[in-house]
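Lettering follows sequence order; numbering is per chain, from 1. Only a predicted model underlies this, so the values are computations on that prediction, with no experimental measurement involved.
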Protein chains: 2
Amino acid sequence: MGLSKTEEFRQSDINVARYAKALAHPARIAILRILVDRSSCICGDIVEELPLSQSTVSQHLKELKEAGLIKGEIEGKKVCYCIDDQAWKQAQQLIEDLFARYKPCCTSCC
Amino acid sequence: MGLSKTEEFRQSDINVARYAKALAHPARIAILRILVDRSSCICGDIVEELPLSQSTVSQHLKELKEAGLIKGEIEGKKVCYCIDDQAWKQAQQLIEDLFARYKPCCTSCC
DNA sequence: ATTTATAATCGTAATATTACGATTATAAAT
DNA sequence: ATTTATAATCGTAATATTACGATTATAAAT
């Protein structure tokens with residue numbers, strides 16, 4: 001990837017891109033939907049709902065955790081995951097702001 | 001990447017992920033912001049606003065075009081880009097629906 | 001103390017992404 | 001007809017992502 005060049009962009013663009021990247025895989029969207037619907041969920045149940053191996057799911061969970069969108073709590077030998085309220089709202093705000101900024105103008109493209 | 005496994009997920013999850021992937025780089029967010037603000041823009045002007053080479057910008061434009069979010073119109077030897085109304089709204093809807101489905105519950109995580 | 005269940009991590013393979021310089025195709029200008 | 005400007009494409013290098021089996025660490029159950 002040559003060099004990442006990430007530092008040369010606006011901080012807010014970097015943040016939007018970072019959250020979007022966390023959403024950039026169907027498995028992660030599926031995981032988030034599960035957590036949104038159930039409000040919390042044991043890791044094992046997530047694994048069972050996805051057509052992926054335990055290790056792969058674990059990897060996706062890790063990425064979501066690193067993006068901040070979810071958090072996990074150890075409960076005995078199980079781990080319970082849920083949405084992280086703060087980051088969720090921040091991501092929502094940032095992404096919705098981008099989309100909302102667009103006003104389709106009367107004259108068509110170009 | 002082993003096998004892509006994409007076909008085993010919900011179509012709507014695949015679509016959300018596809019749009020999110022298009023947004024998953026600061027350069028592409030910057031490009032979209034430029035187009036949103038100006039309603040249309042010559043390719044060359046976009047290149048000048050980004051800290052990337054012409055070929056790299058062209059590549060990012062191609063990805064946005066492939067995701068459907070933008071379209072380009074040839075105008076003489078220049079190319080004018082703009083937001084694609086339809087896809088923009090679809091992406092907005094899909095992503096906002098995901099975020100909106102979350103209702104922070106009284107009891108904290110897990 | 002040993003076994004079992006759970007989920008993270010490691011190692012690895014296949015593929016995708018990012019970035020750029022060089023080249024190419026096209027249209028406009030000379 | 002030749003030159004110039006514009007933007008796409010090609011080729012390539014460096015790195016990231018996705019996926020999985022195997023292993024590991026931990027806690028609970030026996």
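- Comparing A:Thr56 and A:Lys77 by the nucleotide of DNA chain D whose heavy atom lies nearest to each, the residue mapping closer to the 5' end is A:Thr56.
- Using modelled atom types and a 3.5 Å distance limit, the side chains of B:Tyr102 and A:Gln92 yield no donor-acceptor pair.
- Considering only side-chain N and O atoms, A:Ser58 lies under 4.0 angstrom from the phosphate OP1 or OP2 of C:dA8.
- Out of C:dA8, D:dA19, C:dC20, the shortest distance to the side chain of B:Gln59 is found at C:dC20.
- Of the side-chain N and O atoms in B:Lys21, one or more sit less than 4.0 angstrom from OP1 or OP2 of C:dT17.
- Taking only side-chain nitrogens and oxygens, A:Ser53 comes nearer than 4.0 Å to OP1 or OP2 of D:dC20.
- Contact annotation: A:His60 side-chain N/O to D:dA19 OP1/OP2 distance is under 4.0 Å.
- Here the closest heavy-atom approach between residue A:Phe99 and residue B:Trp88 is recorded as O-NE1, 3.1 Å.
- Nearest nucleotide to the side chain of B:Gln54, out of D:dT6, C:dA22, C:dA7: C:dA22.
- Picking from C:dC20, C:dT9, C:dA7 the nucleotide with the shortest atom distance to the side chain of B:Leu52 gives C:dC20.
- Nucleotide C:dA8 holds its P atom 16 Å from the NZ atom of A:Lys71, rounded to whole Å.
- Here the side chain of A:Val79 is nearest to one of C:dA7, D:dC20, D:dA7, namely C:dA7.
- If you check every strand for non-hydrogen atoms under 4.0 Å, B:Ile74 touches nothing.
- For the pair A:Tyr81 and C:dT6, the criterion of a side-chain N or O lying under 4.0 Å from OP1 or OP2 is not met.
- Residue B:Leu50 contributes atom CG, which lies 15 Å from atom C1' of C:dC20 at whole-angstrom precision.
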